[in-house]
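Just the heavy atoms: all of them, side chains too, but no hydrogens, waters or symmetry mates, feed the values below. These numbers were taken from a predicted model, which means no experiment stands behind them. Just so you know, residue 1 is the first one in the sequence shown, and it goes up from there.
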Amino acid sequence: MILSALVFRNFLKILFASVSLFACNLIDKTSNLFEDNSWKDFTCDTAQHVSELKIYTLAQPYYLADTLLKQALKPRNIYVAFADATGNIQTMALQADREETSQLLQTTAFPTLNTSWQEQAYLWALVKQPNYLYNRWENLLTDERKIFLEKRDSIVAIMKEKHRSIKVISDLRSTSRQLHYLGKKRTATPLSMHNFGLAADVAIYTRRKRISNNLALYRPLDSLTEAYGLTWGGNFVGFIDSGHLQLYKNGAELLRKHPELVFEFEPFRPQYNAWMNKMISLGKESKAEDTKELLQELNKIKQDQPCQCLNIQGKTPYALMEKIQAQLANSDDYQYENDLLLVGDLASQTVTLVSAKNKITFPLGLWK
């Protein structure tokens, strides 16, 4: 009886281990049950069934990723095809070689996949990066930027009464400039409110026309920003920025208002994770509270949502791919050599990226 119980218990252990191997990016979630892991990244669990496809799921893993960057692609058009569990197909396409804005193309080979402007922005981001992220999300942020600029200018006008030399020295900022500052340790974050047009830096100049670093001179900004509903960088934890003003308290608050922007934050998760781990190892976790809150918000948005497992090579649904490519080529001017094609297939639970240089398939799962 005892022997039978041991055999049965070991059988269950082996079965559990075998099932777990199907999950992507497996992590040991049972280690240190008393540790706060709410900020740590989820697992893309491929043992979970995906019942609905989204443009975000197809596009996000390739945004700012080496998968596309190393191919140095300059596609003419981007095509997307969704196939449901019964094989019904919907397609859409964007003209990708335009400089300023994307343009939706009409597709006739299959029923049209309806997309929002936000979803079109996700796809456009795979091939075009604006100078400022605000330009991509202007439809979303234009009213808030207007409000922020009005409040900023009012605060500067009040400060001028005592410090006539005060000036706005930084407003919109490119992602490349932000990463440059991060490398020089002039900022602690890979993305800033500057990138979204919701922050500014002011400076008070000395008689020698140099920027003053005297925190006391900027101290009135504390009460002024509070009165105008802004956040002052002098109150930042872990990185004091005395001349900085921004509309939202932190990235987490911005995401709660605009969850669409998770698309921009997610590629930088490794940097945020590294900062958290560094602060924890130094016993300074309290200095990374904003980062922790941001990672927690990212997790709230992505939990139980579809994902691609980029660590496992999936099985390409060749028959479906051939059908889609042939009919798009015949009816919609699809060109394998010049276009980018993303195919999501619920029957095989895969996403396939097709370019002139590669064809890659990854399995689908859910963030757990």
Side-chain angles (χ1 to χ4, degrees), residues 101 117-118 121 125 129-182 186-205 211 215 217-265 268 272 289-291 293-294 297-298 301:
T101 58
W117 72 264
Q118 291 96 329
Q129 187 72 349
N131 194 27
Y132 305 114
L133 291 182
Y134 171 75
N135 296 141
R136 178 180 292 149
W137 301 105
E138 188 170 359
N139 289 344
L140 195 70
L141 301 174
T142 184
D143 290 340
E144 284 161 299
R145 175 160 168 76
K146 181 180 178 181
I147 291 170
F148 168 72
L149 292 177
E150 290 174 351
K151 292 181 176 182
R152 179 202 70 181
D153 292 344
S154 296
I155 290 173
V156 170
I158 294 171
M159 289 288 289
K160 266 187 179 294
E161 295 175 3
K162 188 172 183 180
H163 304 285
R164 296 184 61 84
S165 65
I166 191 170
K167 294 179 182 179
V168 175
I169 60 171
S170 179
D171 180 29
L172 282 166
R173 183 181 297 165
S174 67
T175 306
S176 59
R177 175 61 62 179
Q178 181 69 20
L179 293 176
H180 172 75
Y181 287 157
L182 183 65
R186 292 175 59 184
T187 182
T189 177
L191 276 186
S192 165
M193 295 292 171
H194 284 285
N195 302 126
F196 300 104
L198 303 176
D201 292 325
V202 300
I204 297 172
Y205 287 81
I211 294 177
L215 181 61
L217 297 180
Y218 297 90
R219 184 65 66 182
L221 290 173
D222 188 7
S223 57
L224 285 171
T225 51
E226 183 178 4
Y228 279 88
L230 301 183
T231 293
W232 177 44
N235 289 325
F236 286 171
V237 176
F239 193 91
I240 304 300
D241 195 353
S242 59
H244 181 88
L245 321 171
Q246 63 185 44
L247 184 60
Y248 289 99
K249 173 192 171 186
N250 53 27
E253 188 173 83
L254 174 64
L255 284 178
R256 281 192 282 272
K257 179 68 180 295
H258 300 298
E260 301 93 334
L261 298 180
V262 67
F263 185 82
E264 303 293 353
F265 284 90
F268 298 104
Y272 290 117
E289 280 302 313
D290 282 345
T291 301
E293 189 179 348
L294 172 63
E297 194 62 33
L298 288 174
I301 294 171

Any chance you could lay out the side-chain contact (heavy atoms from CB on, under 4.5 Å) test for Leu221 and Ile155, step after step, and finish with the verdict? CA-CA 8 Å; Leu221 290 173; Ile155 290 173; 3.6 Å; yes
So Val237 and Glu289, side-chain contact (heavy atoms from CB on, under 4.5 Å) or not? Walk me through it. CA-CA 8 Å; Val237 176; Glu289 280 302 313; 5.7 Å; no
Determine, step by step, whether Glu260 and Arg136 satisfy the salt bridge (Lys or Arg N to Asp or Glu O under 4.0 Å) criterion, reporting the C-alpha distance in whole Å, the side-chain angles of both residues, the deciding distance to 0.1 Å, and the verdict. CA-CA 12 Å; Glu260 301 93 334; Arg136 178 180 292 149; over 6 Å; no
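Residue Ser174 comes nearest to Asn195 through the heavy atom pair O-ND2, 3.3 Å, listed as atom of the first residue, atom of the second, then distance. Heavy atoms only, all atoms of each residue included: Gly197 and Arg145 are closest at O-NH1, 2.9 Å. Nearest heavy atoms, Met193 versus Ala199: CB-CB, 3.4 Å. Scanning both residues, Leu198 and Leu141, for their nearest heavy atoms gives CD1-CD2, 4.3 Å. When all heavy atoms of Tyr218 and Val202 are compared, the pair lying nearest together is CE2-O, 3.9 Å. What you find for Leu298 and Phe265 is that their closest heavy atoms are CD2-CB, 3.9 Å.
For the pair Thr189 and Leu182, the minimum side-chain heavy-atom distance is 4.5 Å or more. Residues Arg173 and Asp201 have side chains in contact (heavy-atom distance under 4.5 Å, counting atoms from C-beta outward). A 4.5 Å side-chain heavy-atom check between Thr175 and Phe268 finds at least one atom pair inside the cut-off. Phe196 places none of its side-chain heavy atoms less than 4.5 Å from the side chain of His258. Counting heavy atoms from C-beta outward, Trp232 and Ser223 have side chains that stay 4.5 Å or more apart.
Counting non-hydrogen atoms of other residues, nucleotides and ligands closer than 6.0 Å to CZ of Arg256 gives a total above 12. Atom NZ of Lys146 has 12 or fewer neighbouring heavy atoms from other residues, nucleotides or ligands inside a 6.0 Å radius. The environment of Glu226 atom CD is sparse: at most 12 non-hydrogen atoms of other residues, nucleotides or ligands sit within 6.0 angstrom.
Annotation: His244 is in aromatic contact with Phe236 [ring centroid separation under 6.0 Å].
With sequence neighbours excluded, the residues forming a side-chain hydrogen bond (donor to acceptor under 3.5 Å, both in side chains) with Trp137 are Glu264, listed by chain and number.
Taken from CZ in Arg177 to CG in Leu172, the straight-line distance is 13.5 Å, to the nearest 0.5 Å. Note that CD of Gln178 is 10.5 Å distant from CZ of Arg186, once rounded to the nearest 0.5 Å. The structure places CG of Asn139 at 10.0 Å from CG of Asp143, a figure rounded to the nearest 0.5 Å. Taken from CG in Leu224 to CG in Leu245, the straight-line distance is 9.5 Å, to the nearest 0.5 Å.
Lys160 places a side-chain N or O within 3.5 Å of a backbone atom of Ile166 that can act as its donor or acceptor partner.
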